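Atoms considered below: every heavy atom in the structure, side chains included; atoms not considered: hydrogens, waters and symmetry mates. As the structure is a prediction and not an experimental result, all values here were calculated from the model.
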Amino acid sequence: CGKCHRLFTEGGQIGPDLSVYKRDDLETMLLHIVNPSAEIREGYESAIIETTDHRTLSGFVADQDDRIVVVRSLDGQNVVIARAQIHRQEVSSLSLMPEGLLDGLDDQQVRNLFAYLRSTLPLN
């Protein structure tokens, strides 16, 4: 989770910051982990952009104005694209967060993960 999400002071900035997320709602949290495309938080919709030089970029729109679009890719890098270079831009109905994240975990690891995600203080 920490590669993409921040919890307290640790983690990435690709997905939403989990520190401010309502983490005591186990049912909703489980839905978002098992089926991340069921409900995508506003601002984290995946964009697919085709450029006039035939590149295809995907990520979420981190910033934009009437001249540029800034796309944050899965590796956390921002790519700035001039609007004049955009041939086509669409929003994907699929989350950047992959499905099956719990598949490789045993029952105890799943319990540990949810205990950590539901913690109210950083683990130090």
Are Ile40 and Leu30 grouped together when hydrophobic residues (ILVMFWY) are joined by side-chain heavy atoms under 4.5 angstrom apart? no
Which heavy-atom pair separates Ala62 from Asn78 by the least distance, and what is that distance? CB-OD1, 4.3 Å
For a side chain to side chain contact (heavy atoms under 4.5 Å, CB included) check, start with the C-alpha distance between Met29 and Leu117, then their side-chain angles and the critical distance, and finish with the verdict. CA-CA 9 Å; Met29 192 165 47; Leu117 291 174; 3.9 Å; yes
Quick check for you: to the nearest 0.5 Å, what is the distance between Gln85 atom CD and Ile68 atom CD1? 11.5 Å
Heavy-atom pair with the smallest gap, counting every atom of Pro16 and Arg41: CB-NH1, 3.3 Å
Answer yes or no: is there a donor N or O on one side and an acceptor on the other, between the side chain of Arg111 and the main chain of Phe114, under 3.5 Å? no
Would the number of heavy atoms belonging to other residues, nucleotides or ligands and lying under 6.0 Å from CD of Gln108 be above 12? yes
Working to the nearest 0.5 angstrom, can you tell me the gap between Asp25 CG and Arg118 CZ? 8.5 Å
Closest approach of Val110 and Leu105, non-hydrogen atoms and distance? CG2-CB, 3.8 Å
Membership question, hydrophobic clusters at under 4.5 Å side-chain separation (ILVMFWY): are Val69 and Val79 in the same one? yes
Walk me through it: do Leu102 and Leu113 pass the test side chain to side chain contact (heavy atoms under 4.5 Å, CB included)? CA-CA 9 Å; Leu102 300 178; Leu113 172 63; 3.7 Å; yes
In this structure, OG of Ser93 is separated from CD of Glu45 (nearest 0.5 Å) by 11.5 Å
Please report the interatomic distance CD(Glu10) to OG(Ser19), rounded to the nearest 0.5 Å. 10.0 Å
Do Thr56 side-chain atoms and Glu50 backbone N/O form a donor-acceptor pair below 3.5 Å? no
One pair to check against side-chain hydrogen bond (donor to acceptor under 3.5 Å, both in side chains): Arg83 and Gln64. What are the steps and the verdict? CA-CA 9 Å; Arg83 287 217 182 257; Gln64 63 182 324; 2.6 Å; yes
Hydrophobic clusters here meaning ILVMFWY residues chained together by side-chain heavy-atom distances under 4.5 Å, can you tell me if Leu101 and Leu18 are in one? yes
Using every non-hydrogen atom in the two residues, find where Ser37 and Leu94 come nearest and quote the distance to one decimal. OG-CA, 3.4 Å
Measure across Asn35 and Glu99 and return the closest heavy-atom pair with its distance rounded to 0.1 Å. OD1-OE2, 3.7 Å
Evaluate the side chain to side chain contact (heavy atoms under 4.5 Å, CB included) criterion for residues His87 and Thr51: first the C-alpha distance (whole Å), next the side-chain angles of each, then the deciding distance (0.1 Å), finally the verdict. CA-CA 5 Å; His87 173 68; Thr51 64; 5.9 Å; no
Would you say Leu7 and Ile33 are hydrophobically clustered, going by side-chain heavy atoms of ILVMFWY under 4.5 Å? yes
Same apolar cluster: Ile86 and Leu57, side chain cutoff 4.5 Å: yes
Heavy atoms of Ile14 and Gly76 approach each other most closely as CD1-N, 3.5 Å
Distance col, row Ser58:OG vs Arg72:CZ, nearest 0.5 angstrom, shows 14.0 Å
Geometric class of the Tyr44/Phe60 ring pair [parallel <30°, tilted 30-60°, perpendicular >60°]: tilted
